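I have placed the structure first, in the form of structure tokens, so that the comments after it can refer back to it.
As the structure is a prediction and not an experimental result, all values here were calculated from the model.
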Amino acid sequence: DPNDGMGMGEAAVEVTLTSALDYTSALGGEMVELGVKLSYQPQAPVYLAVTTSNQLQGVVVSKPNLVFTRENYAIEQAVSVVGVDDGSRDGDTTYQVILGLEATDDPY
């Protein structure tokens, strides 16, 4: 049962920082890599879209879609995000990496 051991409100998707000391990507190309995996085995494939909240500040340069199956759900898939110099003098600007459920037949 995919809900065994899962309390209400626990995340079903885990994101780990894999290539930097913090979650910062600098203007002009510094990259941050995140690892994404599922917390429990799905019954059907789970498709996640990856984007950022502000593509003028940071863009996903790895594959923009992740697919998790019964076989690979616990294996981290890399997501690479790079900072963008938007030409304005706004200094450091916060943006988020967004993982969105695209499709699944699983009650994930």
Criterion side chain to side chain contact (heavy atoms under 4.5 Å, CB included) on Lys37 and Gln77, from CA distance to verdict: CA-CA 6 Å; Lys37 65 181 180 178; Gln77 294 188 37; over 6 Å; no
Any donor-acceptor N/O pair, Gln41 side chain to Tyr73 backbone, under 3.5 Å: no
Nearest atoms (heavy-atom pairs only) where Glu76 meets Gly35: OE1-CA, 3.8 Å
Under the side chain to side chain contact (heavy atoms under 4.5 Å, CB included) test, residues paired with Val97 that sit two or more places apart: Leu34, Val50, Val81
Residue list, side chain to side chain contact (heavy atoms under 4.5 Å, CB included) with Asn65, at least two apart or on another chain: Glu102
Closest non-hydrogen atom pair, Asn72 against Thr69: OD1-N, 2.5 Å
Shortest non-hydrogen contact from Pro42 toward Arg70: O-CG, 3.0 Å
CG-CZ distance between Leu38 and Phe68, expressed to the nearest 0.5 angstrom: 5.0 Å
ILVMFWY cluster, Leu66 and Leu101 together (side-chain gap under 4.5 Å): yes
Nearest heavy atoms of Ala78 and Ser62, plus distance in Å: O-OG, 3.9 Å
Path from Val60 to Ile98 over hydrophobic side-chain contacts below 4.5 Å: no
